[in-house]
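Some notes on the structure that comes next.
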Amino acid sequence: MDSTDAPRIHPSAVVEQGARIGAGAVIGPFSVIGAEVTLAERVEVKSHAVITGQTEIGADTVVFPFATVGEVPQDLKYRGERTRLVVGARCRIREGATLNTGTVGGGGITQVGDDCLIMTGAHVGHDARVGDRVILANQVALAGHVVVGDDVIIGGMSGIHQFVRIGRGAIIGAVTMVAHDVMPFGLVQGPRGTLEGLNLVGLRRRGVPRAEIAALRAAYATLARGEGALADRARALSAGTDSAMVREMAHFILEASDRQFLAPR
């Protein structure tokens, strides 16, 4: 490693023996890096942050003051088993956020993808799986075993019940409790989380073609007003469409889940 790429570690920081610190990393004052932590290239840990446990942080991620990353699960069944937390590249973990490692019962790993923004005071519970480009606004709480797809936005002070799945491209309004699965590209809002339609703004911002959006709107109408059970409607959609996004929506509904679905309205 070239000397110019050497990590910069503030004298007041505590970096335990065994920690692996990548080239160009910056560790700020009064921060703590545990013995089993791996920081990739150019990770920045600002002052007073704690990264502990068997935790891996991807390149160019920034951890802001008073965040706690890699502490043990908030699960009374946890008995000190060796479990992991893996955070992807280019994430922003803002002030006071908490991310826990996994549990043996949940697979032993909590995962956060690339390019995520985890805002002030947000929580990622044990065994959660968070996709790429996800935004968790201030004080969002993901309970254990939650699955969040790519490109999801969750508004401030919202809570996601354990084992809930949120499909790709969905948006959750602020101050919303989500206790059931949310289909891909869905729009959920209200205190008890009702599915109000599609995340049309998000689809347009990502440049989804109009024809694809029209197909999704027609599929949503079929799910909301078609005959038979929701699963029957999803099977019919999957068999009768040429749209990859409609098939994704249908397959999500047909996958096994520990929760019920928010029904289209």
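Please read these numbers as outputs of a predicted model, since none were measured by experiment.
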Given Asp132, which of Asp151, Asp115, Val112, Asp114 fulfils the side chain to side chain contact (heavy atoms under 4.5 Å, CB included) condition?
-> Asp114
Which heavy atom in Met183 sits nearest to a heavy atom in Ala170, and how many Å separate them?
-> O-CB, 4.0 Å
Return the orientation label for the His48 and Phe66 ring planes: parallel under 30°, perpendicular over 60°, tilted otherwise.
-> parallel
Where do Thr101 and Arg84 land on the side-chain contact (heavy atoms from CB on, under 4.5 Å) test, with the steps shown first?
-> CA-CA 5 Å; Thr101 57; Arg84 301 168 58 207; 5.8 Å; no
Rounded to the nearest 0.5 Å, what separation is found between the CD atom of Glu71 and the CD1 atom of Ile51?
-> 12.0 Å
Distance col, row Arg168:CZ vs Ile166:CD1, nearest 0.5 angstrom, shows 15.0 Å
Nearest-0.5 Å distance, CG of residue Leu142 to CD1 of residue Ile118 = 8.0 Å
To the nearest 0.5 Å, tell me how far Glu212 CD sits from Leu203 CG.
-> 9.0 Å
Ile153, Ile93: one ILVMFWY side-chain cluster at the under-4.5 Å cut-off?
-> no
Of all heavy-atom pairs linking Ala13 and Gly28, the shortest is CB-O, 3.5 Å
Determine the interplanar angle of the Phe163 and His145 rings, folded into 0 to 90°, and report it as parallel if under 30°, tilted if 30 to 60°, perpendicular if over 60°.
-> parallel
Between CD on residue Glu56 and CZ on residue Arg20, distance to nearest 0.5 Å = 7.5 Å
Return yes if some donor-acceptor pair links the side-chain N/O of Arg259 with the main-chain N/O of Arg165 below 3.5 Å, else return no.
-> no
Taking all non-hydrogen atoms of both residues into account, name the closest pair between Gly149 and Val152 and its distance.
-> O-CG2, 3.3 Å
Salt-bridged, Glu81 to Arg79, with N to O below 4.0 Å?
-> no
So Thr194 and Leu262, side-chain contact (heavy atoms from CB on, under 4.5 Å) or not? Walk me through it.
-> CA-CA 7 Å; Thr194 55; Leu262 289 178; 6.0 Å; no
Smallest separation among heavy atoms of Arg133 and Cys116, with atom names = N-SG, 3.9 Å
